[in-house]
Amino acid sequence: MASKYDKLVAEKNWKKLAKLGQKKDVADAVAVAEACGAGRSEEARNILIDILARPEREAKVAAVKGLGALRYDPDSQITRLRHVVTDGDPELAELVKQSIEALRDYTRESKK
């Protein structure tokens, strides 16, 4: 069942998603990041980057996963992911690595 956030992505209601992604409630930011990861647009990428800048670990994790899944501009997403500050969090560092690899795989496949 599609969440209200998935519906907002399908409707391309980027302004509302950006606003929800910056609300105090980290659960909203996580849900927005998960929904935007399924998108294919610059706006979705920008929202994910904004969520990535939040201080909460949960938000960072969701944004990293979203950037790894988003199929818009893999090269810029890889660049952004390389600059993620993991603060010594090995799980987050591994997730960044996995997301970069997923984007590289996608880039390789799309060039075939």
Side-chain angles (χ1 to χ4, degrees):
M1 182 172 167
S3 73
K4 69 178 181 178
Y5 304 102
D6 294 327
K7 290 177 185 172
L8 291 171
V9 169
E11 295 168 357
K12 299 181 181 183
N13 194 338
W14 307 118
K15 199 175 221 181
K16 187 165 187 169
L17 283 161
K19 194 176 209 180
L20 288 167
Q22 294 306 312
K23 286 178 86 174
K24 274 190 175 183
D25 185 8
V26 73
D28 281 331
V30 169
V32 169
E34 290 170 354
C36 284
R40 291 183 173 259
S41 70
E42 180 178 12
E43 292 87 352
R45 184 196 62 194
N46 292 340
I47 291 168
L48 288 166
I49 290 169
D50 288 344
I51 293 172
L52 187 60
R54 290 179 61 121
E56 303 94 354
R57 182 183 185 278
E58 302 86 10
K60 287 185 184 301
V61 166
V64 167
K65 287 180 181 178
L67 285 168
L70 183 69
R71 300 298 183 242
Y72 170 68
D73 183 3
D75 293 332
S76 82
Q77 289 159 223
I78 289 170
T79 300
R80 173 57 68 181
L81 286 166
R82 284 186 178 151
H83 292 91
V84 171
V85 177
T86 60
D87 292 327
D89 182 337
E91 290 177 45
L92 184 57
E94 181 61 28
L95 186 57
V96 168
K97 184 179 171 184
Q98 290 172 2
S99 292
I100 289 172
E101 285 303 313
L103 290 166
R104 285 184 177 151
D105 290 345
Y106 170 74
T107 302
R108 281 185 222 121
E109 289 298 316
S110 65
K111 289 181 180 178
K112 287 184 178 180

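None of these values were measured; they are calculated from a predicted model. When reading the values below, keep in mind they use all heavy atoms of this one structure, side chains included, and skip hydrogens, waters and symmetry mates.
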Discussion item. I need the Arg108 CZ to Glu101 CD distance, nearest 0.5 Å.
Written reply: 6.5 Å
Worksheet, complete the sentence: Scanning both residues in full, the closest heavy-atom pair of Ile47 with Cys36 reads CG2-SG, 3.9 Å
Practice prompt. Please round to the nearest 0.5 Å and tell me the distance separating atom CG of Leu67 and atom CG of Leu103.
Written response: 7.5 Å
Discussion item. Closer than 3.5 angstrom, by distance alone: can the side chain of Arg104 be matched with the main-chain N or O of Ile78 as a donor-acceptor pair?
Written reply: no
Worksheet entry | Between CD on residue Glu94 and OG1 on residue Thr86, distance to nearest 0.5 Å | 11.5 Å
Response to the item:
Between Val9 and Gly39, the two heavy atoms sitting closest are CG1-CA, 4.3 Å
Practice prompt. Under the side chain to side chain contact (heavy atoms under 4.5 Å, CB included) rule, collect the residues that match up with Ser41, sequence neighbours excluded.
Written response: Trp14, Glu43, Ala44
Worksheet item: Checking Gln77 side chain against Leu70 main chain: does a donor-acceptor pair fall under 3.5 Å?
Response: yes
Discussion item. Quick check: closest heavy atoms across Ala63 and Ala33, and the distance to 0.1 Å?
Written reply: N-CB, 3.9 Å
Worksheet item: Are Leu48 and Val64 linked, directly or through other ILVMFWY residues, by side chains that come within less than 4.5 angstrom of each other?
Response: yes
Worksheet entry | Donor-acceptor under 3.5 Å (Asp89 side chain, Glu91 main chain) | yes
Worksheet item: Atom CG in Leu17, atom NZ in Lys7: separation rounded to 0.5 Å?
Response: 13.5 Å
Worksheet entry | Distance, nearest 0.5 Å, that separates CD1 of Ile49 from CG of Leu81 | 8.5 Å
Discussion item. To the closest 0.5 Å, what do you measure between CD1 (Ile100) and OG1 (Thr79)?
Written reply: 9.0 Å
Worksheet item: For the side chain of Lys60 and the backbone of Arg54, is there at least one donor-acceptor N/O pair under 3.5 Å apart?
Response: yes
Practice prompt. For residues 71-84, pull every pair meeting salt bridge (Lys or Arg N to Asp or Glu O under 4.0 Å), keeping only residues two or more places apart or in separate chains.
Written response: Arg45-Asp73
Worksheet item: Between Ile51 and Val84, is there a shared hydrophobic cluster once you connect ILVMFWY residues whose side-chain heavy atoms come closer than 4.5 Å?
Response: no
Discussion item. Quick check: closest heavy atoms across Gly68 and Ser99, and the distance to 0.1 Å?
Written reply: CA-CB, 3.7 Å
